[in-house]
Amino acid sequence: MTDTFTRQSFDFETGACVDIPEVVRDADCSILTPVQFGNPVQPIYGQGVSIVPRFKGRRESEHDQTHYLDALLPLEDYDKVIVFFSSGKDSLGCVLHLLELGVPREKIELWHHLIDHGSDKKMDHPVTLPYTKAVAEALGIRLRLSWREGGFWSEVYRLGSTAPVVFEDEDGHKTVEPKAWRRSQELKAMMEQAEIEGNGDLLQKCFMELKKIGYRMKFPAKGADLSTRYCSAYLKIMVGDTMIAHSAGTKKDCKLLLVSGERRGESHNRRRYNEVEIHGTNAERRNRRTVHQWRPLIDWSLRDVWEIIKRYRMNPSPLYSVGMNRVSCALCIFNGPSHWAGIKELYGSGEGSMFNQIVEAERELGFTLDNKVNINTFVGDAVSCINRTNQRALAQVMKGEFSPEEVFLPDGQTWEFPAGAFRGGDGGPC
Ligand code: SF4
């Protein structure tokens, strides 16, 4: 028989559950906010205990009904526990929470999506991958990298099919091509030839067919709708889904638990997220593949997350220590002016710099990243968010280096909140 595990004293028997719970918003959270959920928990792995969400999931629409889940299976029933690891504090908090619950390291995998792989243009902070690798090595947990070929920029400049997804599988790299990829490549080759031959009709014909397959030539929109904020969908969500559907270890005959670090305090949209649900890649009938999603930190405040990182004396990504409060894409479409000013300070703004890629792309595309003004006007004379107190972190960020030996704080050193720990909602949502 399975017990239930609510983690808090919430009483489901009274029916006192609400759809949109009150939360400590990140913007209201500070070092003085009491720790509510970030305190130590008892191991439950191997004890037949099912995790029940603190607030029941939504059941309003047909879509909600399809994804509704009462409770997770006992953690030991899953074959793999996959953490979507961005290198940020929330995904790190998830890993530490899983370890505290007793999930064996061998069962956990960190899946990290690269955002600019295969492109000459950059999107990720140079330190993000070294930090991610260092954490995986220091914790002794397997890391698997994945990406959409050409990353963010191949989507922005997309004419024709979206690019293939590549990921590290059990036995080397695996590439999954979208259906229209081959035809798109043929058409692009024909276009090149038509251009050489000066065949305008053929050029136009190929262009129109490619356009029918897919056409962006614009930045993602700043909004919650993933069809227009396509970067999150095409570079992260769909890459993970493709990996689940095609990887040797997750394709069929398995039970998977996907873990991600979204919290209600981050945004109005996230307040309504379910803590547990059936994931879209669940294919019990067709492939005997069970896929559940768990957002263990959904009710945690920012302060709670820092508490667990502090408890394990871990250095968070040095991006926090230099004053950033989000460590998503360096050139995130949601960056505020001071964040952009920080990007300029760290990586320059001249020709070939990351910041200048945006300036040039706006000119080429005739489309601005912000929906009102160009990037230079948007940033204006904003004061940079960069804090130069922690010189070691600054060097790590600027040089793009971080070693496994630096993941844990050495004995005798006091753990301190990084400069960007409580700066409010500046930066991207994923
Ligand atoms: S972090 Fe920002 S730019 Fe990157 S995928 Fe998410 S929303 Fe898009």
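All values below come from the heavy atoms of this structure, side chains included, with hydrogens, waters and symmetry mates left out. Order of listing sets the numbers, starting from 1, for every ligand and every atom in it. Here, residue 1 is the first one in the sequence, and each next residue gets the next number.
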Does the side chain of Glu406 come under 3.5 Å of the side chain of Gln396 through a donor N or O and an acceptor N or O? yes
Looking at ligand 1, is there an atom of it that comes within less than 4.0 Å of some heavy atom belonging to Ser232? yes
Could a heavy atom of Ile333 be found less than 4.0 Å from some atom of ligand 1? yes
Does Cys231 put an N, O or S atom under 2.8 Å from atom 8 (Fe) of ligand 1? yes
Does His112 have any side-chain hydrogen bond (donor to acceptor under 3.5 Å, both in side chains) partners at least two apart in sequence or in another chain, and if so, which? none
Pull out every atom of ligand 1 sitting under 4.0 Å from any heavy atom of Ser328, numbered as shown with elements. 1 (S)
Considering only heavy atoms of Met123, which atoms of ligand 1 have at least one such atom less than 4.0 Å away? 3 (S)
How are the rings of Trp415 and Phe417 set relative to one another: parallel (under 30°), tilted (30 to 60°) or perpendicular (over 60°)? perpendicular
If I take every N, O or S atom of Cys332, is at least one of them less than 2.8 Å from atom 4 (Fe) of ligand 1? no
Test side chain to side chain donor-acceptor pair (under 3.5 Å) applied to Ser247 and Glu109, Arg144, Lys80, Lys174, the passing residue: Arg144
Salt bridge (Lys or Arg N to Asp or Glu O under 4.0 Å) contacts touching residues 218-227 (sequence neighbours left out): Lys222-Asp370
